[in-house]
Amino acid sequence: MQIVETIKQVRQIIALQKKRGKRIGFVPTMGALHQGHLSLIRLAKKHSDFVVVSIFVNPTQFGPKEDYKKYPRNLKKDAALCQSAGADLIFSPNVKEVYSKGFSTFINVEGLTQGLCGASRPGHFRGVATVVSKLLNIVQPDAAVFGQKDAQQLAVIRQMTKDLDLPIKIIGAPIVRERDGLAMSSRNAYLTLEERAEAPALYRALQLAVSMVKSGKREADSVKREMAKLLYRDAPLGEIDYIEIVDNEALKPVKQVKKNTLIALAMNFPSARLIDNIIGA
Ligand code: AMP
């Protein structure tokens, strides 16, 4: 496994692999890798012959008061994890390599980015869509894998790929969780012991939603109410940012939970913002 920092090096290596007839798989990340990321790399490997992982903490997707500066960075550890999961190449550019002086082109996916996390993180998805389109352009993969953990991001990338006619298969990967149900996230490391003890309540709220739906209580408002009750009770250190029940493509609110309905929530704890979701049928 090689680690490179320049666009030129990536292009050379990919050109050679393509000449050899290899299909290229791609997993974009911001590093601080965990088992969730590794599951994406393994899935990419199933769909391709040569897997590229990018590790880049993208400044344009962070708001001014967000954690860009303190976001965990540990390339050595990440490289060992990538290798263990079967990655073939790490692309780890610095900010100047990605955003050269005078950079002024941004990708804005409209509509889908308004609600959910877009509402409380203005500009976030503009930064995500911009960097992902650049990375897809640099790596030119046959397939790229994104986690369902960031369901809105996955929807945005699918829309962008379709709208811009990118010849790339976008693959969604299931959420990997800790034993107590907490969705794995690089930001979980910020949590205090007390917050960490409350954090699995997010998943319990999603499970409650699913069990309500299974028992025939499909009305979105009452599902949201019961989820909120659970969170107020079990996670008093956190503040609910949103609980939304939307269709999984247009991300528009629905009245009844049906097949392919996305139940998503975000909570602000003093030390970290956590998100989670489930598809409720
Ligand atoms: P990040 O490094 O947070 O930008 O995430 C990189 C990719 O890993 C994104 O496609 C995420 O959706 C995905 N990812 C993050 N956490 C998880 C998880 N717990 N399970 C599955 N995929 C994840």
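For ligands, and for the atoms within them, numbers begin at 1 and follow the listed sequence.
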Counting only nitrogen or oxygen atoms and a 3.5 angstrom limit, does H37 reach ligand 1? yes

Any side-chain donor-acceptor pair under 3.5 Å between S271 and E195? yes

Taking heavy atoms and a distance under 4.0 Å, where does R177 meet ligand 1: side chain, backbone, both or neither? neither

Taking both backbone and side-chain atoms of L40, is any N or O found less than 3.5 Å from an N or O belonging to ligand 1? no

With backbone taken as N, CA, C and O and side chain as the heavy atoms from C-beta onward, which portion of Q35 lies under 4.0 Å from ligand 1: side chain, backbone, both, or neither? neither

Checking the N or O distance criterion of under 3.5 Å, is ligand 1 in contact with I175? no

Run the numbers for me: atoms of ligand 1, each under 4.0 Å from some heavy atom of G147, listed by number. 9 (C), 10 (O), 11 (C), 12 (O), 13 (C), 22 (N)

Would you mind running through ligand 1 and noting each atom that sits below 4.0 Å from a heavy atom of Q153? 9 (C), 10 (O)

Where is the tightest heavy-atom contact between I275 and C117, given as atom of each residue plus distance? CG2-SG, 3.9 Å

Min over M30, K149, Q61, R187 of heavy-atom distance to atom 17 (C) of ligand 1 lands on K149

Decide whether Y190 and D67 meet the rule of one side-chain donor and one side-chain acceptor closer than 3.5 Å. yes

Q148 near ligand 1 by a heavy-atom separation under 4.0 Å: no

Identity and distance of the protein heavy atom lying nearest atom 20 (N) of ligand 1: V176 N, 2.9 Å

So which heavy atom on K18 is nearest to which on Q140, and how close? NZ-O, 2.6 Å

Check for me whether R73 meets the cation-pi criterion with Y68, that is, NZ or CZ under 6.0 Å from the six-membered ring centre and within 45 degrees of the ring axis. yes

Closer than 4.0 angstrom, basic N to acidic O: yes or no for K22 and D88? no

Can you tell me which portion of M184 lies within the under-4.0 Å heavy-atom range of ligand 1? Options are side chain, backbone, both, or neither. both

Tell me whether ligand 1 is touched by H34 - counting only heavy atoms on the residue side and a distance under 4.0 Å. yes

Considering only heavy atoms of T29, which atoms of ligand 1 have at least one such atom less than 4.0 Å away? 2 (O), 6 (C)

Please could you name the atoms of ligand 1 that P174 approaches to less than 4.0 Å, counting only its heavy atoms? 20 (N), 21 (C)

Is it the case that S120 and Y242 place a side-chain donor and acceptor less than 3.5 Å from each other? no

Stepwise side-chain hydrogen bond (donor to acceptor under 3.5 Å, both in side chains) test for N58 and Y71: CA-CA 10 Å; N58 173 38; Y71 199 84; over 6 Å; no

Looking at F50, is R23 sitting on its ring face, NZ or CZ under 6.0 Å from the six-membered ring centre and within 45 degrees of the normal? no

List the steps and the verdict of salt bridge (charged side-chain N to carboxylate O under 4.0 Å, His left out) for E66 and R121. CA-CA 9 Å; E66 292 183 1; R121 302 188 71 189; 2.6 Å; yes

Mark up the atoms of ligand 1 that fall under 4.0 Å of a heavy atom belonging to D150, in ascending order. 11 (C), 12 (O)

Which is it for P28 and ligand 1 at heavy atoms under 4.0 Å: side chain, backbone, both or neither? backbone

